[in-house]
Amino acid sequence: MTDTAANQPHKLFLLDAFALIYRAHFAFSKNPRVNSKGLNTGAILGFTNTLVEVLQKEKPTHIGVAFDAQKKTFRHEQFADYKAQRQAMPEDIGLAIPYIKKIIKAFNIPILVVDGFEADDVIGTLARRAEAQGFGEVFMMTPDKDYCQLVTDCVKIYRPAFMGNAAEVLDVAHVLQRFEIERPEQVIDILGLQGDASDNIPGIPGIGEKTAKTLIQKYGSVENLIANVDELKGKQQENVRNFAEQGLMSKELATIHLDVPIEFEADKLVLDKPNEDELRQLFDDLEFRQLAARVLGGGSAAGVSSTAAPTPRGARRPKVTEGQGSLFGSSSDAAVASGAEEGETGSFGAPAGPRLTLADVPHQYHLIDSPELRKSLLEFLLQQTEVSFDTETTGLDTMTARLVGLSFCWLPGEAYYVPVPHDDHAAAQALIDEFRPFFDAKGTLKIGQNIKYDLTILRHYQVEVEGPLFDTMLAHYLLEPDMRHNMDVLAETYLHYTPVSIISLIGPKGKNQKTMADLPPAEVSDYACEDADVTLQLKHVFEPLLKEVGLLDLLNEVENPLVPVLSAIEYEGVKIDSGAMGEYSAELQGYIQEIEQQIFTAAGQEFNIGSPKQLGEILFDKLGLGGGKIKKTKTGQYATGEEVLSVLAADNPVAGLILEHRQLTKLRSTYVEALPQLVCELDGRVHTSFNQAVTATGRLSSTNPNLQNIPIRTEKGREIRKAFVPRDENHVLLAADYSQVELRIMADFSGDKTMIEAFRQGLDIHTSTASKVFHVPLAEVDGEMRRKAKTVNFGIIYGISAFGLAQRIGISRKEATEIIDTYFQEFSSVKQFMDDSINKARELEYATTLLGRRRYLRDINSRNATLRGYTERNAINAPIQGTAADIIKKAMINIHDWLLQEKLGTKMILQVHDELVFDAVREEIEYITPKIKELMATALLLPHGVPLEVEVGTGRNWLQAH
DNA sequence: TGGCTCACG
DNA sequence: ACGTACGTGAGCCAG
């Protein structure tokens, strides 16, 4: 009976199953978890983790999990379109549900379903009835904001931890603040007015979040608003009048019903002990080892299925997709609990579990530590057609790291580790030289994970590794461009194997962290061998997958051959004139202080100009700028971005001063101060890292420092380029730029006669566009028209919108629409191309470049208009931006090969998306200039034959070279 | 750590 | 009606 509820600190948790499941599924969508049977377990793991977390942390006394009824609910009958827009449940979720129900049952937690009602009605009703019975605390566990209408002093929302956010309890105060209302029930009125796109609740046209809040603050409810519709003005009045019925219906739909025919019987919801055997079986089937250890106690999970026989040595490479598990034994006894299992969102704390070592799986890893053994290893290496190798070093910075060891593997499960005497450079060099024949061997495929790192390390020992190469990181990048390509995760996902973590060897990050050099070779050996082994096995998984989707050529002809090119570029580095930087820093400092004083005087006080928060308060609260309409950021702060301040600058000079201050401090801290600090002491140059596996489109990115965003657009910024100089008097910088590559690609892909003709004639493309769009002869295009046309041209590549164009050139949306319409009349094939790109992407759910590189566009058919729009613009832009990336990558490979082949001293030192920079030997300039132009222009031929043009310049610094 | 702002193509 | 141009990386502030 329920009489015990009244006076004890009872704590009831009611979970909204579907809401939590959808969210969990989404959380794993970036790196899906698939077990060896091919089941996507993300939703199951996420949901179960949330459940376990709440059980362990919150210790509820009572609990229940509510599911939506399978049949139609009363809402469908009331309103035919209800949830009609919602996509069908993803297949993975449908498959996950039975498992989740089984898990809930194994926990002995009741499942609550009432025919004709949704989970929120069930939960709402139970919460109300629990409160009426004097129950202590009720938590509705859900990420769904509709529940805000139900919150009382006793009933709260519990939003579980998610994507790094801590769990959060929402009480009455939170709700009132968030919706700016007086009573929680008014949440329904807000939702009734503004609607809810995901549930297809229409609301009233023209009313969004802000208007809804304002109107409810004034009128209190939808009904009262309608009653006083006469007070409203213009279009708004019309809308409220015409859609009054729809508003009331929307309110009704948003209302959670509290009269579901279900009793609240506290004793049926008392938290019971789980059925451990059932849970163990389920976790075992699902391969949730970490979770099993956490819920059922350490070690127990690993012991369950240890009877599985190790895979015999002869049985190589069972296919993962067939659910066989990996070479390292059946997946259930090989992969033991490890910190990595729970994914990398960080939201699921992973306490240290029992960890088996490699000793528990079949492998033969050998330490090769004598001249005789090395000789013998080399002989074997030279007989192989493909070998994976890995370097162990003292750190991640290629400039300072020393080699500690080399590992090699050519048969799965069998690897060799060669320690390198890292404290004696001559001895290390001698040992590496022993293996030179292998690195020089042109017939041997060298396989590595992020092999650029290994190449650069070896380059410091004068070893230039000969291709062909195969990088598993890049292989995965082509397969799944928007995921991470960390080897441990790849091993988990594709081999169902958990590699030894590096932390277990060198300790956690901190000042006591060891390096590989601090450990005896015997301890490093297994780790190093395992890396080479896993890499080899990943290659064998990825290669057929790539072949299947037609990406193997792109990998073998572009990405892999680019690796040594980038390694060489990074190794060379760029010389920085630190003295010039120092002088410029002082000069900037002078300007900054001057402006600072002016700002303080204008503000009447000193404050931190760099703090958007303080700045906003000064500008808007103290000085009262902005005249009424003040933009805020989504976190509720005043927006103080460039856009806002440049508008304000018309009213008050302070805004302009702040913009100038921003610009100067940015230049100082990001470039002038930071760059000299990154100059390598050994050679006086900065060595950036080019990341080949981060962008969604196929471009490179540059970090540490980022040399792809060195200022050029403003005069004071441009100065910085003067400090990028050639290595010595005998060199100059040579910069080669593609002119308008992306527009040329679009002209070619669309086959637009007008635009192609303009490029063929060598016209200035923006002037030519202006002439067409504004209907004036070429000669009469003025600067303003050209500027606008240029913005339009860029806009086209990005998937133009009238709003965006209007914003950027400061015209009305109507004018922007007219310009775009005219543009599409004049360049009708371009319009056709954009439509085709979207339609093709709708069908395939990805877009491709000229070389077949893919960008997945899984939201292209989303019902969410904003998301869909964003994805549609990607469908237009990705092939263009990505093809430009394909082209310059090809050019880099060809130029690098040519420079080597001709034994020239000129070095490629930078790539900036459409530009290559060289440290050029003076005497070579005449010879190389036309060749570089030619190699860039012909790296790839566009299908319709639109020519690519390249501009080359030279100078004593990067600025002059342009 | 995430949000904001701003540097580049 | 909705919200609004594509792709990056870094420094600073605030919690």
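None of the values given here were measured: they were computed from a predicted structure. Letters A, B, ... are given to chains in the order of the sequence lines, protein chains preceding strands, and every chain is numbered from 1.
Here the nucleotide nearest the side chain of A:Thr866, chosen from C:dG7, C:dG3, B:dC8, is C:dG3. Among the nucleotides C:dG3, C:dT4, B:dC8, the one closest to any side-chain atom of A:Ser801 is C:dT4. Which of C:dA5, C:dG9, B:dC6 sits closest to the side chain of A:Leu659 comes down to B:dC6. Among B:dA7, C:dA5, C:dC13, the nucleotide with an atom closest to any side-chain atom of A:Asn608 is C:dC13. The side chain of A:Arg713 has B:dG9 as its nearest neighbour among B:dG9, B:dC6, C:dG7. For A:Arg813, counting side-chain heavy atoms from C-beta on, the closest listed nucleotide (B:dT5, B:dA7, C:dG3) is C:dG3. Checking C:dG11, C:dG3, C:dA5 against every side-chain atom of A:Ser669, the shortest atom distance belongs to C:dG11. Between C:dG9, C:dC6, B:dG9, one nucleotide has an atom nearer to the side chain of A:Arg873 than all others, and that is C:dC6. Of the candidates B:dG9, C:dG11, C:dA5, C:dA5 carries the atom nearest the A:Ile800 side chain, counting heavy atoms from C-beta on.
Rounded to whole Å, the distance from CG on A:Asp482 to P on C:dT8 is 9 Å. The nearest whole Å value for the distance from the NZ atom in A:Lys613 to the C1' atom in C:dC12 is 15 Å. The CD-C1' distance, from A:Gln677 to C:dA10, rounds to 14 Å in whole Å. Atom-to-atom, CD of A:Glu872 to P of C:dT4 comes out at 15 Å; the value is rounded to the nearest Å. Rounded to an integer number of Å, the gap from NE2 of A:His913 to P of B:dG9 is 8 Å. Across the protein-nucleic acid pair, A:Ile658 atom CD1 and B:dC4 atom P stand 18 Å apart, rounded to whole Å. A:Gln614 places its CD atom 14 Å from the C1' atom of C:dG15, with the value rounded to the nearest Å. Rounded to whole angstrom, the span from the CG atom of A:Asp914 across to the P atom of C:dG7 amounts to 17 Å.
No donor-acceptor contact under 3.5 angstrom links the side chains of A:Ser750 and A:Gln832, judged on distance only. Of the N and O atoms on the side chains of A:Lys622 and A:Gln605, at least one donor lies less than 3.5 Å from an acceptor on the other residue. A side-chain N or O of A:Tyr856 and one of A:Arg854 form a donor-acceptor pair less than 3.5 Å apart. With hydrogens and angles left out, the side-chain atoms of A:Glu673 and A:Ser585 include a donor and acceptor closer than 3.5 Å. For the residue pair A:Gln881/A:His913, the side-chain donor-acceptor check at 3.5 Å is not satisfied.
Using a 4.0 Å heavy-atom criterion, one finds that A:Ile880 contacts no nucleic acid atom at all. Residue A:Ala696 is classed as a sugar-phosphate contact, given heavy-atom separations below 4.0 Å to backbone atoms only. Nucleic acid contact class of A:Thr791 (heavy atoms, under 4.0 Å, all strands): base. A:Glu642 comes within 4.0 angstrom of the backbone, heavy atoms only, and of no base. Counting non-hydrogen atoms under 4.0 angstrom, A:Gln663 reaches the backbone sugars and phosphates but no base. If you check every strand for non-hydrogen atoms under 4.0 Å, A:Gly206 touches sugar and phosphate atoms only.
Each of A:Pro205 and A:Ile797 was matched to the nucleotide of DNA chain C holding its nearest heavy atom; the match closer to the 5' end belongs to A:Pro205. Residue order along DNA chain C, read from the 5' end via each residue's closest nucleotide, puts A:Ala865 first among A:Ser611 and A:Ala865.
Looking at A:Asn957, its side chain does come within 3.5 Å of a backbone N or O of A:Gln960 through a donor-acceptor pair.
Relative to the ring axis of A:Tyr638, A:Lys613 does not place its NZ or CZ within 45° and under 6.0 Å from the centre.
Not one side-chain nitrogen or oxygen of A:Tyr798 sits closer than 4.0 Å to the OP1 or OP2 atom of B:dG9. The side chain of A:Ser702 contributes no N or O atom lying less than 4.0 Å from OP1 or OP2 of C:dT8. Phosphate proximity of C:dG9 to A:Asn691: absent, as no side-chain N or O sits under 4.0 Å from OP1 or OP2. Side-chain nitrogen and oxygen atoms of A:Arg855 include at least one within less than 4.0 Å of the OP1 or OP2 phosphate oxygen of C:dG7. Regarding contacts with the backbone of C:dA10, every side-chain N or O of A:Thr670 stays at 4.0 angstrom or more from both OP1 and OP2.
A salt bridge links A:Glu742 and A:Arg699; the closest N-O separation between the charged side-chain nitrogens and carboxylate oxygens is under 4.0 Å.
Rounded to whole Å, the P atom of C:dC2 lies 34 Å from the corresponding atom of B:dA7. Across C:dG3 and B:dC6, the matching P atoms stand 24 Å from one another, rounded to whole Å. To the nearest whole angstrom, the two P atoms, one in C:dA5 and one in B:dG2, are 24 Å apart.
Pair assignment for B:dG9: C:dC6, on the basis of Watson-Crick or G-U wobble contacts that are both within less than 3.5 Å.
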